[in-house]
Amino acid sequence: MSAARGDAAPAPRLLDLHPRAWPERLAAYGAQPFQGRNAARWVFRRGVLQWAQMTDLPASLRARLEQEQPLVSAVLDQRSEAGDGAVKVLLRYPDGARAEAVGMPGTRGRTLCISTQVGCPVRCVFCASGLDGLERNLSQGEILEQVLWLRREQGDFHRLVVMGMGEAGHNLDAVLGALDCLIDTEGSDLAPRRITLSTVGPRGALQRIAAWGRPVTLALSVHSADDALRHRLVPGVRTRALEETLLEADQVFARCGREYTIEYVLLKDVNDSLPQARALALRLRGRRCHVNLIPYNPVQELGYDRPVPAVQEAFAEALRATGLPVTLRRSLGGSQNAACGQLRRRQISAPPSSAEPC
Ligand code: SAH
């Protein structure tokens, strides 16, 4: 017996498919294989998100696809601009879920920062993203929409960092699928070395990233060399020993050949002392990594502070003295709702704003 009409699974959206699968998918609409490839090029290379603008496709095909396969599902819910040129957008998907994405100026062009989940299950005690836990995963297409949306609004970009809301390690199918689309020559042809993937390293995630094998930069959020303190700051890692996670990160280096980054958020009087810097240096000795110190961006609800610059510098110097490469991150987007998840939190309980189509 055939399934009732309403039971049929909806056809996947095009952005949920790899661009190499577009020709076959678009054949169902009568497109020739070369037209399917051209459509992917319009989207991934030129950032065009409206079928009507793909002038080398037949008008009848464009009209049908505009109706039946809209490329973008999200609308712009809110936009927030910081004095330093960082622009944060809050996108709202059809089910009402909201995700943040940010474009920031950098020395060699813009950096885009995208989210992987709505909310976050890891609940780092200093982070706004996980305050209400996880709402849901974002799909591959929803992750790609953030990149394409920012690119259309802000022009081309130099780097992509997967460091917005959510824990990529808990949504790797969608995250790696989206990155594959961006990296592929039939997609955006983005060099993997321009991509940074940030994670706390949940069980199984780093092995999966190593097996994936693309030479993106892995950023491992550590925040303390002491397991007890790390488990308190990053509850989502449960009882996992940092050493176990670092050994897996070493495997990612062995497989992908790119040094990884250790992310360490500096929290005043919590993890910013010189003995804590020395303990971190000891833990990282001999490893192929560099340390990115992130002075804390205060989140109103959370009661943590940023150490003064002299303490930040002293921490950095204590690491450098052992030969570790260290950067002390200058804070971008600092003035307004800057830290991950803040814009969404402001909006969750607010009445819906007039939505601009993306
Ligand atoms: N789940 C991923 C991505 C999180 S956001 C991860 O944990 O790596 C990227 C980085 O920003 C993480 O290192 C995270 O700990 C840090 N971060 C979160 N909130 C912050 C804040 N308020 N100030 C500074 N860094 C923050």
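We count ligands from 1, going down the list as the structure has it; atoms in each ligand are counted the same way.
- Using a 4.0 Å cut-off between heavy atoms, V265 contacts ligand 1 through its side chain alone, with no backbone atom that close.
- Looking at P295, A219, G169, G166, it is G166 that brings a heavy atom closest to atom 3 (C) of ligand 1.
- Side-chain contact, E248 with T245: no donor N or O sits under 3.5 Å from an acceptor N or O.
- Side-chain atoms of S73 and E142 include no donor-acceptor pair closer than 3.5 Å.
- Distances shorter than 4.0 angstrom occur between a heavy atom of V299 and an atom of ligand 1.
- Heavy-atom proximity to I294, at under 4.0 Å, picks out these atoms of ligand 1: 24 (C), 25 (N).
- Residue C127 approaches ligand 1 through these ligand atoms, each under 4.0 Å from one of its heavy atoms: 18 (C), 19 (N).
- Defined by atom type and a distance below 3.5 Å, a donor-acceptor pair is missing between the side-chain atoms of R193 and T217.
- The heavy atom nearest to atom 9 (C) of ligand 1, out of those in M163, R329, Q117, is found in M163.
- Relative to the six-membered ring of W22, R25 misses at least one condition, a distance below 6.0 Å or an angle of at most 45° to the axis.
- The closest approach between A128 and ligand 1 stays at or above 4.0 Å for every heavy atom of the residue.
- Proximity to V200 (heavy-atom distance under 4.0 Å) selects the following atoms of ligand 1: 7 (O).
- Ion pairing between a basic and an acidic side chain is recognised when a charged N comes within 4.0 Å of a carboxylate O; R20 and D184 show such pairing.
- Relative orientation of the F126 and Y296 rings is perpendicular, given thresholds of 30° and 60° on the angle between their planes.
- Applying the 4.0 Å criterion to heavy atoms of G164 picks out, from ligand 1, the atoms 4 (C), 5 (S).
- Salt bridge status for D226 with R232: absent, with no side-chain N to carboxylate O gap under 4.0 Å.
- Residue E263 has no N or O atom closer than 3.5 Å to an N or O atom of ligand 1.
- Considering each of E167, R306, H223, the one bringing a non-hydrogen atom nearest atom 1 (N) of ligand 1 is E167.
- Surrounding CD of E24 are at most 12 heavy atoms belonging to other residues, nucleotides or ligands under 6.0 Å away.
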